[in-house]
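Have a look at the structure below, then the notes.
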Amino acid sequence: MRIGYPCLNTSVGCSPARTFRLASYSDVRLVETVERNLACTDAILHYNVAHGLLAFRLTSDLVPFASHPVCAYAWQERFRPAFQALGAFARQHRMRVSMHPGQYTLINSPREEVFAASVRDLVYHAEVLDLMGLDATARVQIHVGGVYGDRRRSLDRFVARYRDLPAAVRRRLAIENDDRQYGLADCVRLHEDTGTPVIFDTLHHEANNAGESVGDALALAVRTWDTVAGPPMVDYASQAVGERVGKHAAHIDLADFRRFLVASRPHDPDLMLEIKDKEQSALLALQAAGEDPRLVRAVSD
DNA sequence: TCTGGTCAAGGTGGT
DNA sequence: ACCACCTTGACCAGA
């Protein structure tokens, strides 16, 4: 078990997700921004190792507009050494690295142009992890997508589209249950048709489930992972008290987290804490996990 | 230097 | 047909 958090860190004093407006795109602006983003990512990875946080989701904004037609710059070549160094550091410290394209990346859209843009975006995400020299345990997670008025056909379209994805993307894809349309059971069914592993999101499952307990749901998701894809991944979040169902809590609810740790036995997933205050809650979670024998320990230099 | 309106992108659901 | 919302940090024009 590793514990980590997504994308941003509130302590290091920099953002790895600096961007700019499409209207102000230039190659110079791109290079400046990526340089700063990668330097900040380096600072965050060092922070994580120093604090025993060994799971981290890289922000999709590392290379702004990387998959947009406006970007013709060979950022892969320009930043290859920097990506390689980041990846070497992550490997050295046994970090679990992942990425998560946003809500506009939809491989099951019936619209060809949406699918094409989604493929470009997925290729970008896979390229980042490839440049870092990470194996197939570094995953790119997406949701199943839209319903388009016909769940059955949209699930079938997901499978057909999956088969059209470049191998470099298929190798890293993972699907996550969402809070409205496609729950864990749908994801597991898609796993059977595609082989892509399923990331279990605890908060989405609370909002959208087929009656499975957390333990049962986790057992189903765990079976979709193998030694190539790596240990199962779980997105853990707690419900914001008194808010709309599905809204993330601003701080970790330690009592709820401890219940999850118990319910998750005997499985041994890597946990991504999707909580507003980022590494602060992840550190509390690590502390709460205490002497749990499942924890992966940091390797010193 | 501060701030609030705005930002690449798609889909859903209410009107 | 149209529009607010999702979810969010960061940009940036204007004060």
Side-chain angles (χ1 to χ4, degrees), chain A residues 5-30 32-41 44 56-73 75 99-125 140-151 153-155 157-158 161 175-183 186 201 203-204 207-208 235 237-240 243-251 272-281:
Chain A
Y5 61 97
C7 303
L8 308 179
N9 177 298
T10 69
S11 303
V12 297
C14 62
S15 168
R18 298 185 64 105
T19 182
F20 46 85
R21 294 288 190 259
L22 179 60
S24 44
Y25 180 91
S26 72
D27 288 349
V28 169
R29 188 77 188 267
L30 180 76
E32 284 171 3
T33 305
V34 176
E35 263 170 9
R36 295 180 68 175
N37 285 347
L38 295 186
C40 186
T41 299
I44 291 175
F56 187 62
R57 180 189 300 162
L58 296 172
T59 174
S60 296
D61 288 334
L62 280 181
V63 185
F65 306 104
S67 67
H68 191 284
V70 76
C71 178
Y73 183 82
W75 56 269
M99 298 185 82
H100 189 347
Q103 61 192 317
Y104 301 109
T105 300
L106 296 156
I107 71 168
N108 81 335
S109 174
R111 295 170 52 193
E112 291 301 329
E113 67 273 25
V114 172
F115 177 62
S118 297
V119 171
R120 286 199 306 274
D121 196 45
L122 289 168
V123 165
Y124 153 64
H125 284 82
V140 174
Q141 67 186 91
I142 59 170
H143 292 289
V144 176
V147 171
Y148 311 99
D150 189 333
R151 281 174 55 81
R153 287 186 62 186
S154 295
L155 284 163
R157 196 181 316 104
F158 182 98
R161 297 288 210 198
I175 48 176
E176 175 192 349
N177 57 306
D178 72 62
D179 59 353
R180 302 174 64 87
Q181 282 139 188
Y182 297 107
D186 297 309
D201 184 302
L203 185 55
H204 293 163
N208 179 18
D235 286 351
S238 358
Q239 169 69 37
E243 297 274 2
R244 171 185 62 79
V245 172
K247 183 163 174 67
H248 287 195
H251 309 287
M272 190 67 66
L273 272 74
E274 294 192 322
I275 301 175
K276 277 238 185 306
D277 62 5
K278 302 294 176 181
E279 84 288 351
Q280 300 175 45
S281 281

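Here is the naming used below: chain letters follow the sequence lines, and residue numbers restart at 1 for every chain.
Contact check of residues 5-17 of chain A against DNA chain C (heavy atom, cut-off under 4.0 Å) returns L8(A), S15(A), A17(A).
Taking atom P in both dA13(C) and dA8(B), the straight-line distance is 12 Å, to the nearest Å. When the P atom is compared between dT7(C) and dG4(B), the two are found 23 Å apart, to the nearest whole Å. For the P atom pair drawn from dT8(C) and dT3(B), the interatomic distance equals 23 Å after rounding to whole Å.
In this structure T10(A) satisfies the side-chain hydrogen bond (donor to acceptor under 3.5 Å, both in side chains) test together with E279(A), Q280(A), sequence neighbours excluded. Residues forming a side chain to side chain contact (heavy atoms under 4.5 Å, CB included) with H251(A) (at least two apart in sequence, or on another chain): D277(A). Not a single disulfide (SG to SG under 2.5 Å) links C7(A) to another residue, sequence neighbours left out. R161(A) pairs by the salt bridge (Lys or Arg N to Asp or Glu O under 4.0 Å) definition with E112(A), not counting sequence neighbours. Judged as a salt bridge (Lys or Arg N to Asp or Glu O under 4.0 Å), and not counting sequence neighbours, the contacts of D235(A) are R57(A). By the salt bridge (Lys or Arg N to Asp or Glu O under 4.0 Å) test, R29(A) is found to be paired with no residue, residues two or more places apart in sequence or in another chain being considered. Qualifying salt bridge (Lys or Arg N to Asp or Glu O under 4.0 Å) partners for D186(A), counting only residues two or more places apart in sequence or in other chains: R151(A), R189(A).
Between E274(A) atom CD and dT7(C) atom C1' there is a gap of 12 Å when expressed in whole angstrom units. Regarding I44(A), its CD1 atom lies at a distance of 13 Å from the C1' atom of dG9(C), rounded to whole Å. The distance between atom CZ of R18(A) and atom P of dC12(C), rounded to the nearest whole Å, is 10 Å. Across the protein-nucleic acid pair, H100(A) atom NE2 and dC6(C) atom P stand 18 Å apart, rounded to whole Å.
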Intra- and inter-strand pairs of DNA chain B in dot-bracket (Watson-Crick or G-U wobble, both distances under 3.5 Å; | for another strand): |||||||..||||||
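Within the nucleic acid shown, R29(A) comes within 4.0 Å of sugar-phosphate atoms alone, with no base atom in reach, counting heavy atoms only. Among the heavy atoms of the strands, none lies under 4.0 Å from K278(A).
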Could you list the donor-acceptor pairs under 3.5 angstrom formed between side-chain atoms of residues 115-124 of chain A and any protein atom two or more places apart in sequence or on another chain?
| unit_1 | atom_1 | unit_2 | atom_2 | d |
| --- | --- | --- | --- | --- |
| S118(A) | OG | L106(A) | N | 2.8 |
| S118(A) | OG | L106(A) | O | 3.3 |
| S118(A) | OG | V114(A) | O | 2.8 |
| R120(A) | NE | S67(A) | O | 3.1 |
| D121(A) | OD1 | S67(A) | OG | 3.2 |
| D121(A) | OD2 | T105(A) | OG1 | 2.7 |
| Y124(A) | OH | S60(A) | O | 2.8 |
| Y124(A) | OH | V63(A) | N | 3.2 |

Base versus backbone protein contacts along nucleotides 8-15 of chain B [heavy-atom cut-off under 4.0 Å; B, S, -]: BBBSSS--
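Partner H143(A) forms a side chain to side chain contact (heavy atoms under 4.5 Å, CB included) with one of Q181(A), Q103(A), R180(A), H100(A) and no other, that one being H100(A). None of L62(A), V140(A), I142(A) except one satisfies the side chain to side chain contact (heavy atoms under 4.5 Å, CB included) rule with H125(A); the exception is V140(A).
Put simply, S24(A) has a side-chain N or O that comes within less than 4.0 Å of OP1 or OP2 on dC12(C). OP1 or OP2 of dT8(C) lies within a sub-4.0 Å distance of a side-chain N or O belonging to K276(A).
For residues 32-41 of chain A, the side-chain hydrogen bond (donor to acceptor under 3.5 Å, both in side chains) pairs, not counting sequence neighbours, are E35(A)-R78(A).
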